[in-house]
Amino acid sequence: TKYHYNVNDGGVWFTQNAGSSWVQRSDGLGATEIYTAASSNLRKDIISIGTQDNGELYRDTTGWKTNRGGDWSKKMSYDFKNPVMVYYSDGTRRNVVGGGSPALSLPFTGDYNAIAFSREMPDYCWVAKNDTLYFTRNVNATPPIWSKIADFTGNGIIDIHSSYADTNLFFSINRNGKLYVSNNILAATPNFISYNTPATTNTAAALTSIRKKDSVLYISCGNRIYRSNNYGASFTNISLNYPTINVKELYHDLYTTDELVIALNSDGVWYHTDTMSQWKSILKNLPTNCGLNDLSVYNIGSPSSVFRNSY
């Protein structure tokens, strides 16, 4: 027969001439599998996604465009200075709108473990590779100048964070149950204090500071969430009713005064404030039959702010 349907990860297609030409019959059915996503911190319309087979795509006010084909699964991030510069975990970056890939020139090969930018000092950037932490004061230069500022003993750095409350404060959490805290991260040779985490971190861990309280730190260890009010020296378990699902990301809403923290896991999004006795789930319109991958935020402290999830 000359009539055939083809169903693939690009949708549903139909041919009436044995494959000489095809017509899409998806009728609005979404069929793009997203590996990873990130949105600009400075422009609401800029979003980047990496997909299976369909490559890397970005969106601006004119719609979606493709940057490259094939699979693209590299973790992506945006800094706080250039609204259209996306950073990839393989150590490269790209201007998604104007084109061009200015060299990042990291002092190592292969993917990095984690990257952190400073909201208050947008030229500053930290990158973790295995147990080593690197820093540059000019990430927007071509190329930046990097220096090694710390070597930690552990099974690899899993998350790093520049404090929202104090530009001298910096946190690193490792897979071997260690939290490293520096109160002079901008020094030529920063000092770090090591603390044991309240639970194991070999499977997953994340952290965030609180903008209006420099001593407060939230961390996740696997599927449990903890709060410290003394820079990480000790913690209180605030997991409460949060499900036993590993936390992928923690995010603090900088414009709130009640320590609003959002936790992303593969099944959904939860939030908690310091006045709440339970975590609350945000599941409205989120899919329940596939895992969530990333939480991307454009937050300017107004109703036009946007929280985005990819799956």
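A donor-acceptor contact closer than 3.5 angstrom links the side chains of Thr132 and Asp151. At a cut-off of 3.5 Å, with distance as the only test, a side-chain donor of Ser305 or Asn299 sits close to an acceptor on the other residue. No side-chain donor-acceptor contact under 3.5 Å links Asp79 and Ser77. Side-chain contact, Ser296 with Asp294: no donor N or O sits under 3.5 Å from an acceptor N or O. For Lys178 and Asn196, the side-chain atoms include at least one donor-acceptor pair closer than 3.5 Å. For the 3.5 Å distance criterion, the side chains of Asp214 and Tyr231 qualify, holding a donor opposite an acceptor.
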### Message
Let's go through Asn130 and Ile157 carefully: what are the C-alpha distance in whole Å and the side-chain angles of both, what is the deciding distance for side-chain contact (heavy atoms from CB on, under 4.5 Å) to 0.1 Å, and is it a yes or a no?
### Response
CA-CA 6 Å; Asn130 298 331; Ile157 299 169; over 6 Å; no
### Task
Evaluate the criterion side-chain contact (heavy atoms from CB on, under 4.5 Å) for residue pair Asp53 and Thr51; output intermediate values, then yes/no.
CA-CA 6 Å; Asp53 293 341; Thr51 73; over 6 Å; no
### Query
Hey, mind stepping through Ser239 and Asn237 against side chain to side chain donor-acceptor pair (under 3.5 Å) and telling me if it holds?
CA-CA 6 Å; Ser239 303; Asn237 189 336; 2.7 Å; yes
### Message
If you apply the rule side-chain contact (heavy atoms from CB on, under 4.5 Å), what do you find for Phe170 with Asn184, and how did you get there?
### Response
CA-CA 8 Å; Phe170 193 87; Asn184 66 338; over 6 Å; no
### Task
Could you walk me through whether Tyr251 and Phe307 pass ring-ring contact (aromatic ring centres under 6.0 Å, His included), step by step?
CA-CA 10 Å; Tyr251 175 80; Phe307 290 74; 5.6 Å; yes
### Task
Mind running side-chain contact (heavy atoms from CB on, under 4.5 Å) on Ser101 and Arg93 for me, showing each step along the way?
CA-CA 6 Å; Ser101 300; Arg93 56 183 171 176; 5.9 Å; no
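Both tests hold for Arg68 against Tyr88: distance to the six-membered ring centre under 6.0 Å, angle to the ring axis within 45°. Relative to the ring axis of Tyr255, Arg211 places its NZ or CZ within 45° and under 6.0 Å from the centre.
Closest approach of Ala206 and Leu250 over heavy atoms only: O-CD1, 3.8 Å. Ser105 approaches Pro143 most closely through the heavy-atom pair OG-CB, 3.1 Å. Contact between Cys221 and Thr197 at its shortest, heavy atoms only, is SG-CB, 4.0 Å. The minimum heavy-atom distance between Val297 and Ser39, with the atom names listed, is N-OG, 3.5 Å. The nearest pair of heavy atoms linking Ile219 to Pro198 is CD1-CD, 3.6 Å. Between Asp60 and Lys65, the shortest heavy-atom distance links the atoms OD1-NZ, 3.1 Å.
The hydrophobic cluster containing Val247 does not contain Ile282, counting ILVMFWY residues as joined when their side-chain heavy atoms lie under 4.5 angstrom apart, directly or transitively. Hydrophobic cluster membership differs between Ile46 and Ile49, with clusters built from Ile, Leu, Val, Met, Phe, Trp and Tyr side chains linked at under 4.5 angstrom. Cluster membership for Tyr195 and Leu217, using ILVMFWY side-chain heavy atoms within less than 4.5 angstrom, is shared. Clustering ILVMFWY residues whenever any of their side-chain heavy atoms sit less than 4.5 angstrom apart, transitively, puts Met76 in a cluster other than the one holding Ile34. Cluster membership check: Met121 shares its hydrophobic cluster with Ile160, using side-chain heavy-atom separations under 4.5 Å among Ile, Leu, Val, Met, Phe, Trp and Tyr.
Side-chain contact between Thr257 and Lys212 is present, with at least one heavy-atom pair separated by less than 4.5 Å. With a 4.5 Å cut-off on side-chain heavy atoms, Asn183 and Leu169 count as touching. Ser209 has its side chain out of reach of Tyr218: every pair of non-hydrogen atoms, C-beta onward, lies at least 4.5 Å apart. The closest side-chain heavy-atom distance from Glu56 to Lys74 is not below 4.5 Å. Counting heavy atoms from C-beta outward, Tyr87 and Cys125 have side chains that stay 4.5 Å or more apart. Residues Val261 and Ile210 have side chains in contact (heavy-atom distance under 4.5 Å, counting atoms from C-beta outward). Side-chain contact check for Tyr242 versus Leu240: every heavy-atom pair is 4.5 Å or farther apart. By the 4.5 Å heavy-atom criterion applied to side chains, Val139 and Lys81 are not counted as neighbours.
Results of the side chain to side chain donor-acceptor pair (under 3.5 Å) test with Asn138 over Thr142, Thr136, Asn140 single out Thr136 as the only residue that passes. A side chain to side chain donor-acceptor pair (under 3.5 Å) with Ser48 is found for exactly one of Tyr58, Trp72, Tyr78, namely Tyr78.
Ring orientation note: the planes of Phe117 and Phe80 are nearly perpendicular, at an angle over 60° on the 30°/60° scale. Between Phe135 and Tyr124, the ring planes are perpendicular. Angles over 60° get that label, and only those under 30° would be called parallel. Between Tyr180 and Phe192, the ring planes lie perpendicular to each other; the angle is over 60°, past the 30° to 60° tilted range. The aromatic rings of Tyr164 and His252 are tilted relative to each other, their planes meeting at an angle between 30° and 60°.
For Asn174 (side chain) and Asn176 (main-chain N/O), no donor-acceptor pair under 3.5 Å exists by modelled atom type. Looking only at distances, no side-chain donor or acceptor of Ser220 sits under 3.5 Å from a matching main-chain atom of Gly222. Counting only distance, with no hydrogens or angles, the side chain of Ser89 and the backbone of Lys75 share a donor-acceptor pair below 3.5 Å. Between the side chain of Thr200 and the backbone N or O of Asn202, no donor-acceptor pair lies under 3.5 Å. Looking only at distances, a side-chain donor or acceptor of Asn17 sits under 3.5 Å from a matching main-chain atom of Ser21.
Considering CD1 of Ile149 and CG of Leu133, their distance stands at 4.0 Å, rounded to 0.5 Å. The structure places CZ of Arg137 at 11.5 Å from CD1 of Ile145, a figure rounded to the nearest 0.5 Å. Note that CD of Glu259 is 9.0 Å distant from NE2 of His272, once rounded to the nearest 0.5 Å. To the nearest 0.5 Å, the span separating OG1 on Thr208 from CG on Asp159 amounts to 9.0 Å. Here the CH2 atom belonging to Trp126 is positioned 10.0 Å from the OG atom belonging to Ser182, to the nearest 0.5 angstrom. To the nearest 0.5 Å, atom CE of residue Met85 and atom CG of residue Leu42 are 12.0 Å apart.
No more than 12 heavy atoms of other residues, nucleotides or ligands lie within 6.0 Å of NZ in Lys148, so this atom counts as exposed by the packing criterion.
Comment: Asp45 does not engage Arg59 in a salt bridge, judged by the lack of any side-chain N to carboxylate O separation of less than 4.0 angstrom.
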